[in-house]
Amino acid sequence: MSEEKSLNFLEEIIEDDLKNGKYKSILTRFPPEPNGYLHIGHAKSICLNFGLSKKYGGKTNLRFDDTNPVTEETEYVDSIKEDVKWLGFEWANELYASDYFEQLYNLAVRLIEKGLAYVDDSSAEEIAKQKGTPTQPGARNEFSNRSIEENLKLFLDMRLGKYRDGEKVLRAKIDMASNNMHLRDPLLYRIKHAHHHRTGDTWCIYPMYDFAHGQSDSIENITHSICTLEFIPHRPLYDWFIEQLGIFPSHQYEFARLNMTYTVMSKRKLLQLVNEGHVKTWDDPRMPAIAAMRRRGYTAEAIREFCDKIGVAKRENLIDLSLLEFCVREHLNKIALRRMVVFDPLKVVITNYTDMTELLKIEDNPEDENTTYREVAFSSGIYIEREDFMEIPPKKFFRLFPGGMVRLKGAYIIKCDEVVKDDAGNITELRCSYIPESKSGSDTSGIHVKGTLHWVSVKHAATAEVRLYDRLFTEENVADAEGDFKNYINPHSLQIVETVYMEPCLHEAKFDERYQFIRKGYFCLDKDSSEEKIVFNRTVGLKDTWAKEAKKS
RNA sequence: UGUUGAAUGGUGCAAUGGUCAGCAUACCAGACUUUGAUUCUGGUGACAUUGGUUCGAGUCCAGUUUCAACAACCA
């Protein structure tokens, strides 16, 4: 129980609250607005909220903040639920702010009765102007002097649909001179004659965020309402409502949202990428959306580990994308089945192997103590990777070159005897000889080679399409870069290799399986696969110190 | 020239007045390797700044500087 690991500031608060008896158990909530797909930034919030309640024996509600009918849709509700589940969390209750519309209306009435809210006929522009600026106080208008009775009547009329959109709003009566702009008589209700995804047409007035979120927390008896930094200035308002209404005192705490290098995280920008065709869909594997990452082959374990590693604090941050990639590799290394796939084939004829075919047993995963084995067909005609051969090798190159020897993974050591070229001087084929005593697992040749290559037998190979992804943006800090963020879209974020040559068992690849194409990276089956064509996504590449070395010279 | 919040290696997170300021990742070097992967070893590298309190300050106090958020009938 007594972990040495230090606590983050929220854990400290919670442990304090539990120790002092402020609460017997905690209740948190994850409150998405169903107007878009969840992304990796939400994953941080999900892991935090669900993680805290799990750690301290509490519960977490999933509550949809659905107070703006014009942007919200059931489609998003479904995707959000799927993503949270996939990440491995279970909510105690599935709830909706719209469930509380009647209660919220009554709370608003109570504020009016206390003389703390009034109906304002001003236009949006007028209200904005009357608010002043952060350095200049605002001023009340004549509508703020309406009687309680009149306000009650007008608010009811608003509800009854007697006014058009924008004709009237309900505002709290707080302090037009406050340093905090959110306390300058904030809007509570606005009129929207719009169809709501759950309440249909029963309402034409909808509460604003500030008059829905905190009250929903309170109704549910949320103990710790955890949100991002930009809500700090809302907290005095959050507390004001609780005090004035005398409802359950939920408390709001703020942490810094996740930012990641080479990535944008705002729903607006992500939506723009989809709508303008820079990516194909929300679940395009280049997107930071949870659905996209799932499709790309990221595991929930890896994402949870990532969220754990980045920690929780109150300072703005920009997390290296490479940390996410590290977490993914770390998990995939443990679970991925090893397979051999040649992307850019160079034919090798093993001249002394004649016309035999052998089935070689090769382990599925050397990282797994209980690894299973598969059989891979070996014959005299194989493909190797074109880049694994060089006619004039640079120093430190220990792959194949004329007169050189390498091991074929799981098979034999071969020696390059001859390079065959076409009339244009292109290398078309290598003629090699194999060392019969060097068979993998029973090598008595005594020969030690530095390089091991992956390969596939030409006549046994299956084919597939492979999609290679790179970061979506060329700029590390996209938000801070000058001008339109779309100027920094990486034109090479998707590279398609139409035909790769795979060892035959990949023909039966499964969706829930993860693969490491040896020396190539981690891959998974894409949903675009069909009977005619198998499609693989590269989740993430392997670390490649040779590529780094080669780049130096 | 308001209010609020935040300043620790490249990045992120710790150190709760007391040894050479840790951990992870990234980067560099080396070992091992039938994946130039994994694994292992070592290394470079930080308390924004000034003053004060104290035997002792990253931590407490004051000032300065920098960054961020805030004036949507969005959340």
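All values below come from the heavy atoms of this structure, side chains included, with hydrogens, waters and symmetry mates left out. Here is the naming used below: chain letters follow the sequence lines, and residue numbers restart at 1 for every chain.
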Among [options], the one nearest [X] by side-chain distance:
X      : options             : answer
A:M208 : B:G36, B:C73, B:U33 : B:C73
A:D320 : B:G36, B:A14, B:G10 : B:G10
A:Y209 : B:A24, B:A37, B:A75 : B:A75
A:K409 : B:U25, B:U35, B:C70 : B:U35
A:L187 : B:C73, B:G36, B:A26 : B:C73
A:Q516 : B:U34, B:A75, B:U35 : B:U35

- Greater than 12 external heavy atoms within 6.0 Å of A:H195's NE2: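 Yes - once you tally the heavy atoms of other residues, nucleotides and ligands closer than 6.0 Å, there are more than 12.
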Taking only Lys NZ, Arg NE, NH1 and NH2, and the carboxylate oxygens of Asp or Glu, determine whether [X] and [Y] approach each other closer than 4.0 Å.
X      : Y      : value
A:R339 : A:D364 : yes
A:E254 : A:K314 : yes
A:D157 : A:K168 : no
A:E385 : A:K520 : yes
A:R519 : A:D544 : no

Under 4.0 Å from OP1 or OP2 of [N]: is there any side-chain N or O of [X] that close?
X      : N     : result
A:T67  : B:A75 : yes
A:R190 : B:C74 : yes
A:K548 : B:C28 : yes

- Message: So which atom in A:A172 and which in A:W240 form the shortest heavy-atom distance, rounded to 0.1 Å?
- Response: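 Distance-wise, the nearest heavy atoms are CB-CZ3, 4.2 Å.
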- Message: Restricting to non-hydrogen atoms, name the atom on A:F389 and the atom on A:L346 that form the minimum distance, rounded to 0.1 Å.
- Response: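 Scanning both residues, the minimum pair turns out to be CB-CD2, 3.9 Å.
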Please tabulate, for side-chain N and O atoms in residues 320-332 of chain A, each donor-acceptor pair with protein atoms closer than 3.5 Å (sequence neighbours left out).
from   : atom 1 : to     : atom 2 : distance (Å)
A:R329 : NE     : A:G541 : O      : 2.7
A:R329 : NH2    : A:G541 : O      : 3.4
A:H331 : ND1    : A:T299 : OG1    : 2.6

- Only stems of 3 or more consecutive Watson-Crick or G-U pairs count here, both distances under 3.5 Å; name the ones for RNA chain B, or none.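 When the pairs of RNA chain B are grouped into runs of at least three, the stems are B:2-7 with B:65-70, B:10-13 with B:22-25, B:27-31 with B:39-43, B:48-52 with B:60-64.
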- Under 3.5 Å, is there an N or O donor on one side and an acceptor on the other linking the side chain of A:R407 and the base of B:U34?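 Check passes, donor-acceptor contact within cut-off.
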- Message: Between the base of B:A69 and the side chain of A:H234, is one N or O donor paired with an acceptor at under 3.5 angstrom?
- Response: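 Per atom types, no contact qualifies.
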Take the protein atom [atom1] of [X] and the nucleotide atom [atom2] of [N], then report the distance between them rounded to whole Å.
X      : N     : atom1 : atom2 : answer
A:N477 : B:C67 : CG    : P     : 14 Å
A:R338 : B:U34 : CZ    : P     : 16 Å
A:W455 : B:U34 : CH2   : P     : 18 Å

- Set of salt bridge (Lys or Arg N to Asp or Glu O under 4.0 Å) partners for A:K439, sequence neighbours left out: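 Residues passing salt bridge (Lys or Arg N to Asp or Glu O under 4.0 Å) with A:K439: A:E358.
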- Message: Taking the six-membered ring for Trp, are A:F64 and A:Y96 closer than 6.0 Å centroid to centroid?
- Response: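 Yes, they do, as the ring centres are separated by less than 6.0 Å.
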- Under 4.0 Å between any heavy atoms, over every strand shown, what does A:L318 touch: base, sugar-phosphate, or nothing? Just pick one.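 If one applies the 4.0 Å heavy-atom cut-off, A:L318 turns out to touch the sugar-phosphate alone, with no base involved.
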- Going by number, which of residues 122-129 of chain A have a non-hydrogen atom under 4.0 Å from RNA chain B?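 Result for residues 122-129 of chain A: A:S122, A:S123, A:A124, A:A128, sorted by number.
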Mind listing the N/O atom pairs, protein and nucleotides 38-48 of chain B, below 3.5 Å?
from  : atom 1 : to     : atom 2 : distance (Å)
B:U38 : O2'    : A:N333 : ND2    : 3.0
B:U38 : O2'    : A:E367 : OE1    : 3.2
B:U38 : O2'    : A:E367 : OE2    : 3.3

- Of the options A:K173, A:Q130, A:K131, A:R140, which is the one that meets A:D185 in a side-chain hydrogen bond (donor to acceptor under 3.5 Å, both in side chains)?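 Filter result, single survivor: A:R140.
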Under 3.5 Å, which protein N or O atoms sit close to an N or O of nucleotides 2-7 of chain B? Give each pair with its distance.
from : atom 1 : to     : atom 2 : distance (Å)
B:G2 : O2'    : A:N179 : OD1    : 3.1

